[in-house]
Amino acid sequence: MDTIFFIFSKVVQFCIEPLNWLFIFIPLSLLFLSLRKPDLCKRFLLLAMTDLLLIGYLPTSEIFLRALEDAVPKVSLSELSEKDLGGIIVLGGAIEGGQIALDRGEISIYSSAERVTKAFELIRKYPNLAYIFSGYSGRLSPKGLSESDAFKRLVQEQGLSDSNAHYENQSRNTYENVLYIKPMIADLTLKGANGEVQDSKPWLLITSASHMYRSLKIFQKQGIEVIPVPVDYQTGNQLHWGAFNLEEGAQHWNRLIHELVGLLAYWITGKL
């Protein structure tokens, strides 16, 4: 059932993402042109142009994406000490593992690189805390190196200690992240990072700001206390009313639709 849910969510996102509507509007306009139906051809061309404006005019996506990024406020890490924390959780989605990493011998980082850089920062800041990286692959047909194994290699390349490192390499989506992390956290809470018994404490959770709201709700549903550390912000305090950028707009819509589909699907299935 989880596999069907995973595939279905990918299909729904593809179908409703505005950029993909062009694959319908333009072929239909060409079809009606060949059938000598100019009125229908013009209508679908107009729909295609409207779609491009919707994608490229940045405020149309920024206003919703900003609301999503602001849904979970930032916490001041300067007010937190190591003794108050259970550990650090890093959610996957920023690392390119797969076959390319094996073929090229290099790990690439997506535009969500702040998930990785913030993780390195906090691992250095709290050297005695356990940290968990969670992620296999979000692809329908994953091959090669998992995200978790790729992160492990990055830790080694950065010269960071892996004595408190723990890796979860089965999850394909956020719900599975939490599902597979939960027993690991329970075990570490009982044992402690260095083997001592310790009380339950909140864990720092690192993920993209647009992804934080959904992640936080799932952790709460599973009874895991976390402190959000949102990174990878794509919007600022002001909307760019005069900005038009198809590439940036498409990326904004992709993030927004991905989260909205995830929220709706998880709500329907009782996962949050």
Would you say [atom1] of [X] has more than 12 non-hydrogen atoms from neighbouring residues, nucleotides or ligands within 6.0 angstrom?
X      : atom1 : result
Tyr213 : OH    : no
Tyr266 : OH    : yes
Lys125 : NZ    : yes
Glu82  : CD    : yes

Measure from the side-chain N and O atoms of [X] to the backbone N and O of [Y], and report whether any donor-acceptor pair falls under 3.5 Å.
X      : Y      : value
Trp21  : Cys15  : yes
Gln13  : Ile257 : no
Lys201 : Lys83  : yes
Ser146 : Asp149 : yes
Ser161 : Ser163 : yes
Asn20  : Phe14  : yes

Note: [X]-[Y] ion pair, threshold 4.0 Å (strictly below):
X      : Y      : value
Arg66  : Glu69  : no
Asp187 : Lys182 : no
Glu176 : Arg172 : yes

Grab the two heavy atoms, one from [X] and one from [Y], that are nearest each other, plus how far apart they are.
X      : Y      : result
Arg255 : Asp232 : NH1-OD2, 2.9 Å
Tyr126 : Leu77  : OH-O, 3.5 Å
Leu188 : Ala130 : CD1-CB, 4.2 Å
Ser215 : Leu205 : CB-CD2, 4.1 Å
Tyr136 : Asn169 : CB-O, 3.5 Å
Leu19  : Ala250 : CD2-CB, 4.2 Å

Spacing of [atom1] belonging to [X] relative to [atom2] belonging to [Y], to within rounding of 0.5 Å:
X      : Y      : atom1 : atom2 : answer
Glu17  : Leu22  : CD    : CG    : 11.0 Å
Ile224 : Ile89  : CD1   : CD1   : 6.5 Å
Ile227 : Leu80  : CD1   : CG    : 5.0 Å
Leu68  : Glu259 : CG    : CD    : 6.0 Å
Arg214 : Leu264 : CZ    : CG    : 11.5 Å
Trp253 : Glu248 : CH2   : CD    : 14.0 Å

Are [Y] and [X] connected into the same hydrophobic cluster when the rule is that any two of I, L, V, M, F, W, Y join if their side-chain heavy atoms are below 4.5 Å apart?
X      : Y      : value
Met49  : Leu246 : yes
Tyr233 : Leu91  : no
Leu46  : Ile26  : no
Leu53  : Leu45  : no
Leu58  : Ile63  : no

Exercise. Is the Phe151-Phe120 ring centre distance short of 6.0 angstrom?
Worked result: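 Close enough - the centres of the two rings lie under 6.0 Å apart.
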
Is any side-chain heavy atom of [X] less than 4.5 Å from a side-chain heavy atom of [Y]?
X      : Y      : value
Asp162 : Lys152 : no
Val229 : Lys118 : yes
Thr207 : Val231 : no
Leu122 : Leu204 : yes
Arg115 : His211 : yes
Phe44  : Leu33  : no

Exercise. Looking just at side-chain N and O atoms, do His240 and Glu62 make a donor-acceptor pair shorter than 3.5 Å?
Worked result: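 Side chains of His240 and Glu62: pair found under 3.5 Å.
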
Exercise. If you measure only the distance, is there a donor-acceptor pair under 3.5 Å linking the side chains of Ser208 and Ser210?
Worked result: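 Distance-only check fails for Ser208 and Ser210.
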
For this session: Validate the cation-pi geometry between Lys37 and Phe32: distance from NZ or CZ to the six-membered ring centre under 6.0 Å, angle to the ring axis within 45°.
Result: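 No cation-pi geometry.
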
For this session: Could you give me the CA-CA distance, side-chain angles and deciding distance for Ser134 and Asn177, then say whether side chain to side chain donor-acceptor pair (under 3.5 Å) is met?
Result: CA-CA 6 Å; Ser134 175; Asn177 285 144; 2.8 Å; yes

